[in-house]
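The structure appears below as structure tokens.
All residue numbers refer to positions in the sequence shown, counting from 1. Keep in mind that this is a model prediction, so the values were computed, not measured. Just the heavy atoms: all of them, side chains too, but no hydrogens, waters or symmetry mates, feed the values below.
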Amino acid sequence: MRGKHLCLILLLSFSNLASISNSLPLSTNKRWIVDESGKRVKLHCVNWSSHLNAMIAEGLDTISLKNLISQLKELGFNCVRYTWSTHMFTRYSTYKVGENFDKFNLSDSRVLIKYYNPSLENITVVEAFDFVIDEFGKQDMMVLVDNHVSDPKWCCDDKDGNGFFDDKYFDPKEWLEGLSNVANRVKGKPQVVAIGLRNELRGPKQNQNNWYKYMSQGVTTVHNANPNVLVFVSGLNYDTDLSFLKTNPLSTNIGNKLVYEVHSYAWSSGPRSDWIDKPLNQKCAKVMNGLNDRAGFLISGSNPSALVMSEFGMNMEHLDDMNQRFMSCIMVYLVGNDLDWALWAAQGAYYIRQNDTRVSETFGLWNIYFRTLRYAEFPLRFQLLHKKLLEPSSNSSKSYIIYHPLSGQCVRVSNNHKLELGDCEGASKWNQEGQQIKLVGNGACIEAISERSQVKLSSNCMSQQSFWEKLSATNLHLSTLDRQGQNLCLERESPTSPKIVTRKCICVDDTPSCLDDPQTQWFQLVTTNV
């Protein structure tokens, strides 16, 4: 089954990449990122770190660079958010990769780098940076090079000296020098489609006045050095807050090259325990409303801007209820807005992190040796996120896909006219007419039969069981009334069954005492014109 889903994503990925490679550079058209022809390019990326002490991409002591990038492509990613530190370019650019490993007593990693990637050991860290980017180009993957920190180390906390302008390691003048160096360095490398000014501004010194002052300078510095690239701008409070732009937009003069970014994790909007201790519909609705208030507003209104969720993720080593609930919620937000995104993270471990060696990255897709996926269901769960759902240049009429975020699957009609879950590439398309949900090109309606019975496609669109409404704070429960007037909601029959049935609705009134998990009943009407 996993192989089937990998093949599906590969086909989607290669077809997207074939058109991307000949259509760079990218720019923006209102809220969308587009290619030279004006057609939308959806960025579905993964983060890959090279900003820590070793100053080289993590994991290259376990696998060849060529194979690693190939594995990322196989998972459907079309780009990588590739991180770097300022001092790597302003202070340490002459450091050799192997010698730098020796400084941190990483002799084993040096030996293994030489074995898996022999070209890297005796070149400088900035030459290694180029070497990795060049391989992305050979494999038709786009790159967002992200200034993650100034001093090469683990990120992030309020007191690490890397958080905000004029912190211990964060000299604004040196930061601008680093941005200029990198922007010039990647000229002539069209696969580098964007440069991120700074990751997760934070800490006690953060303030809006200096944000406007220095981010404007950063935007101008990058654009003047390399006008082809998009410029990614992050907000305050660990890149969770851009709300101040509602009343005071950032003044720039770079045309259609500006993109904003936002981050979201299980702890970004309150304690992690809220995902278990609070009613899930209320918690998820609060998170989505908060995202809209602090960043999502940018993609709407009369003068929308491009926005990318450049970091989100979950612990893939310990897939507990908290992680699953957060991920379902954030996927609803991403799919519902068809946002571009970058998952944290590719690497399964770090050469050295906070003085410890071979440190596991539990949020990493791969295990520490880049051999197996930590989360085997990733290809299935993320399939719709990879898909471009809205194409602004298209004249095609809009319809809906019905999406089940817990499984990552979509609703389709079986041969016997019953509703079931399956791959989203074969999803049925729907129109909503009042409270009726009709199959596109057919006119038949979704109709419930009785509790625990499989939902069917019916020509009887006037029956009470053919009228549906959205319930709960999330609007993710599709509910009808049975013949006794009781609310029944769509539900996946079981984790091992694709059948869609109706059952008594779970926690749709959002009372504080209802802590049951409603995810099996979450079905989202997702707009598409593709």
What do you reckon, are the aromatic ring centroids of His148 and Trp175 less than 6.0 Å apart? no
Charged N-O contact under 4.0 Å between Asp157 and Lys159: no
Charged N to carboxylate O under 4.0 angstrom, Asp340 versus Lys42? no
When you compare the side chains of Ser360 and Thr362, does any donor N or O come within less than 3.5 Å of an acceptor on the partner? no
Check whether the side chains of Gln347 and Ser49 place a donor and an acceptor atom closer than 3.5 Å, and report yes or no. yes
Counting N and O atoms only, with roles assigned by atom type, does the side chain of Asn117 sit under 3.5 Å from a partner on the main chain of Ile63, one being a donor and the other an acceptor? yes
Does NZ or CZ of Arg198 fall inside the cone over Phe170's six-membered ring, less than 6.0 Å from its centre and within 45° of the axis? yes
Would you tell me whether Asn67 and Ser70 have side-chain atoms, one donor and one acceptor, within less than 3.5 Å of each other? no
Kindly check if the number of other-residue, nucleotide or ligand heavy atoms within 6.0 Å of NZ (Lys189) is above 12? yes
Other residues, nucleotides and ligands only: do more than 12 of their heavy atoms fall within 6.0 Å of CG on Asn253? no
Decide whether Asp146 and Trp84 meet the rule of one side-chain donor and one side-chain acceptor closer than 3.5 Å. no
Does the side chain of Ser234 pick up a donor-acceptor pair with the side chain of Asp239 at under 3.5 Å? no
NZ/NE/NH1/NH2 to OD/OE distance under 4.0 Å, Arg202 and Asp160: yes
Donor + acceptor pair across side chains of Tyr351, Glu58 (<3.5 Å): no
Can Lys205 be said to sit on top of Phe165's aromatic six-ring, NZ or CZ under 6.0 Å from centre and within 45° of the ring axis? no
Between Tyr95 and Lys103, is there a cation-pi geometry (under 6.0 Å to ring centre, at most 45° from the normal)? yes
Will you find, in the side chains of Tyr265 and Glu311, an N or O donor that is under 3.5 Å from an N or O acceptor? yes
Strictly by modelled atom types, are Arg110 and Asn105 linked by a side-chain donor-acceptor pair under 3.5 Å? no
Test side chain to side chain contact (heavy atoms under 4.5 Å, CB included) applied to Asn162 and Val149, Thr86, Asp167, the passing residue: Val149
Under 3.5 Å side-chain donor-acceptor pair for His263 and Ser310: yes
Would you check if there is a donor-acceptor pair between the side chains of Asn367 and Thr372 at a distance under 3.5 Å? yes
More than 12 foreign heavy atoms under 6.0 Å from NZ of Lys246: is that the case here? yes
With distance as the sole criterion, is a donor-acceptor pair present between the side chains of Tyr333 and Asn292 under 3.5 Å? yes
Carboxylate-amine/guanidinium contact Lys96 Glu121, below 4.0 Å: no
Distance only, no hydrogens: is a donor on one side chain within 3.5 Å (strictly under) of an acceptor on the other, for Ser397 and Asn529? no
Is it the case that Ser150 and Arg91 place a side-chain donor and acceptor less than 3.5 Å from each other? no
